[in-house]
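First the structure, in the form of structure tokens, and then the observations on it.
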Amino acid sequence: MGFPQVRLRRMRRTEPLRRMIRETRLATGDLIAPLFVRGRTGVHNPVPSMPGVAQMSVDRIVETCVELEALGIPAVLLFGIPERKDATGSETWSDQGIVQQALRAIRERCQNLVLVTDVCFCEYTDHGHCGVVGSDRRGRLTLDNDASLQNLRKQVVSHAKAGADIVAPSCMLDGQVQTIREALDHEGWTDVAILSYSAKFASAYYGPFRDVAESAPQFGDRTGYQLDPANADEALREVALDVEEGADMVMVKPAVNYLDIIQRVRSRFGLPVAAYHVSGEYAMIKAAAANGWLDEKRCVLETMTAIKRAGADVVLTYFAKDIALWLRGS
Ligand code: PBG
Ligand code: ZN
């Protein structure tokens with residue numbers, strides 16, 4: 001050798017040294033907490049496949065939001081579970097809809113919480129698909145893109161009126177961002193932002209979500225509109241289109257199996273990137289931890305750090321509150 005040996009271990013010797021040179025920092029300010037709101041009062045329905053997650057009525061959701069805001073979590077993402085479903089999901093654009101009620105009630109108590117709404121139809125349609133289903137010219141049932149876009153316009157305007165700061169379309173309809181931007185601007189909601197679920201893959205990891213949101217498709221699946229997990233270039237085309245159409249933020253979903261996509265989106269486009277650590281990713285850690293096979297806190301912090309290291313600015317996660325508690329004072 002002769003030369004002084006390169007010793008990288010010198011800077012790993014103590015925690016203060018490691019902290020000083022840490023490249024990626026997870027912060028409570030990076031998190032968005034998804035919440036599931038349903039009708040009536042005093043409701044707290046736990047979901048077996050997602051321990052720690054529950055459907056809640058508006059009063060309980062408001063209490064939760066007060067807590068989350070006090071912990072420093074900047075934003076929540078609202079999903080609605082309606083009392084009544086129909087073929088078009090018409091409850092999504094009712095000003096008395098469950099999400100609209102929740103928005104007004106939360107805003108009264110939490111002035112500074114960023115209110116994000118999931119914009120889709122699958123929790124509201126009796127068939128469980130993400131829009132209007134019709135037959136194509138070959139007589140096959142399919143998601144009718146353009147009819148669904150018309151309903152999307154009504155849904156986002158209703159969310160904006162009720163107090164949404166950001167609308168997050170998750171239907172994977174072509175042209176959804178442009179349509180939403182036009183609808184919002186036309187009604188004077190030019191300051192309501194769009195977080196597009198741009199690269200949303202047809203993933204098996206959404207299973208537990210469909211239990212809590214009661215949104216499983218009653219026939220077929222979503223492979224006709226969500227991305228094929230094998231396709232990275234196509235995911236980048238989706239993002240490029242959404243950026244052109246006026247998205248303020250883009251999302252990659254799920255997170256862990258798609259870190260390469262997060263990294264490519266971050267390096268190609270100069271706008272904030274969100275990653276959704278989805279229900280199945282949550283359930284896997286919970287189940288292993290419950291069996292004593294993994295250390296929950298260490299796994300969650302490592303996973304979130306990896307998602308950020310790949311390039312995500314914001315992480316949507318069911319662990320948001322736990323993370324905020326773990327990071328408190330650090
Ligand atoms: C559908 C939607 C899905 C999720 C959020 N909105 C997936 C789906 O059912 O296709 C998944 C979130 C999760 O798994 O945590 N619009
Ligand atoms: Zn949907």
Side-chain angles (χ1 to χ4, degrees), residues 26 30-37 46-55 73 75-81 116-120 122-123 128-130 168-172 195-217 221-223 225-232 235 238-239 249-263 265 273-290 294 296 299-323:
L26 179 66
D30 306 328
L31 306 174
I32 300 182
L35 298 174
F36 299 93
V37 55
V47 189
S49 55
M50 293 183 75
V53 173
Q55 303 175 335
I73 292 172
V76 295
L77 170 67
L78 298 176
F79 291 95
I81 302 143
V116 189
T117 56
D118 183 85
V119 169
C120 199
C122 50
E123 301 96 6
H129 282 285
C130 302
S170 66
C171 358
M172 292 302 280
L195 162 57
S196 183
Y197 286 70
S198 305
K200 179 175 178 183
F201 290 87
S203 172
Y205 291 87
Y206 303 150
F209 171 89
R210 293 177 189 173
D211 297 337
V212 58
E214 303 179 6
S215 63
D221 57 29
R222 302 205 210 290
T223 50
Y225 40 103
Q226 297 178 349
L227 280 162
D228 184 332
N231 293 359
E238 285 279 7
V239 173
M249 292 176 75
V250 293
M251 192 197 297
V252 175
K253 177 184 172 191
V256 177
N257 286 349
Y258 300 88
L259 294 181
D260 58 324
I261 311 292
I262 295 173
Q263 195 253 319
V265 171
V273 178
Y276 199 142
H277 187 255
V278 302
S279 58
E281 300 178 277
Y282 175 86
M284 285 196 299
I285 294 178
K286 280 288 185 187
L294 288 175
E296 179 171 337
C299 282
V300 171
L301 294 177
E302 179 179 334
T303 299
M304 296 300 147
T305 301
I307 294 167
K308 288 214 64 192
R309 193 195 61 235
D313 301 287
V314 170
V315 186
L316 298 105
T317 171
Y318 304 101
F319 286 115
K321 183 178 169 185
D322 304 279
I323 297 169

Any chance you could measure [X], atom [atom1], to [Y], atom [atom2], to the nearest 0.5 Å?
X: Gln226; Y: Ser170; atom1: CD; atom2: OG; answer: 8.5 Å
X: Arg222; Y: Ser215; atom1: CZ; atom2: OG; answer: 5.5 Å
X: Leu316; Y: Lys253; atom1: CG; atom2: NZ; answer: 9.0 Å
X: Met304; Y: Thr317; atom1: CE; atom2: OG1; answer: 3.5 Å
X: Leu26; Y: Ile307; atom1: CG; atom2: CD1; answer: 9.0 Å
X: Tyr197; Y: Cys120; atom1: OH; atom2: SG; answer: 8.5 Å

Distance-only, no hydrogens or angles: does the [X] side chain make a donor-acceptor pair with backbone N or O of [Y] under 3.5 Å?
X: Glu281; Y: Pro254; answer: no
X: Glu214; Y: Glu123; answer: no
X: Glu302; Y: Cys299; answer: no

Would you sort out whether Leu227 and Met172 count as a side chain to side chain contact (heavy atoms under 4.5 Å, CB included), showing the intermediate values? CA-CA 9 Å; Leu227 280 162; Met172 292 302 280; 4.1 Å; yes
If you count every heavy atom of other residues, nucleotides or ligands that lies below 6.0 Å from Tyr225 atom OH, does the total exceed 12?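 Above 12, so yes.
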So, using ring pair (Phe, Tyr, Trp, His ring centres under 6.0 Å) as the criterion, who are the partners of Phe79 when residues are at least two apart?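 Result, ring pair (Phe, Tyr, Trp, His ring centres under 6.0 Å) vs Phe79: Phe36, Phe209.
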What residues, two or more places apart in sequence or in another chain, satisfy ring pair (Phe, Tyr, Trp, His ring centres under 6.0 Å) together with Tyr282?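 Once residues adjacent in sequence are excluded, the partners of Tyr282 under the ring pair (Phe, Tyr, Trp, His ring centres under 6.0 Å) criterion are Tyr318, Phe319.
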Closest heavy-atom pair and its distance - [X], [Y]:
X: Cys171; Y: Cys130; value: CB-O, 3.5 Å
X: Val278; Y: Tyr206; value: CG1-CE2, 3.8 Å
X: Asp211; Y: Ser49; value: OD2-OG, 2.8 Å
X: Val47; Y: Ala54; value: CG2-CA, 4.3 Å
X: Leu31; Y: Ala320; value: CD1-O, 3.8 Å
X: Ala255; Y: Ala275; value: CB-CB, 4.2 Å

Whether Lys200 engages the ring of Tyr276 as a cation-pi pair (distance to the six-membered ring centre under 6.0 angstrom, angle to the ring normal within 45°) should be assessed.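 Because its charged atom misses either the 6.0 Å distance or the 45° angle limit, Lys200 does not stack over Tyr276.
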Is there a side-chain contact between Val252 and Val265, using heavy atoms and a 4.5 Å cut-off?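 SC-SC contact between Val252 and Val265 confirmed.
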Residue from Val273, Leu195, Ile32 passing side-chain contact (heavy atoms from CB on, under 4.5 Å) with Val314: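 The side-chain contact (heavy atoms from CB on, under 4.5 Å) with Val314 is passed solely by Ile32 among Val273, Leu195, Ile32.
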Decide side chain to side chain contact (heavy atoms under 4.5 Å, CB included) for Ile323 and Leu301; before the verdict, give the C-alpha distance in whole Å, the side-chain angles of both, and the deciding distance to 0.1 Å. CA-CA 7 Å; Ile323 297 169; Leu301 294 177; 4.3 Å; yes
Given Tyr205 and Asn257, is the side chain to side chain contact (heavy atoms under 4.5 Å, CB included) satisfied, shown in steps? CA-CA 10 Å; Tyr205 291 87; Asn257 286 349; 3.4 Å; yes
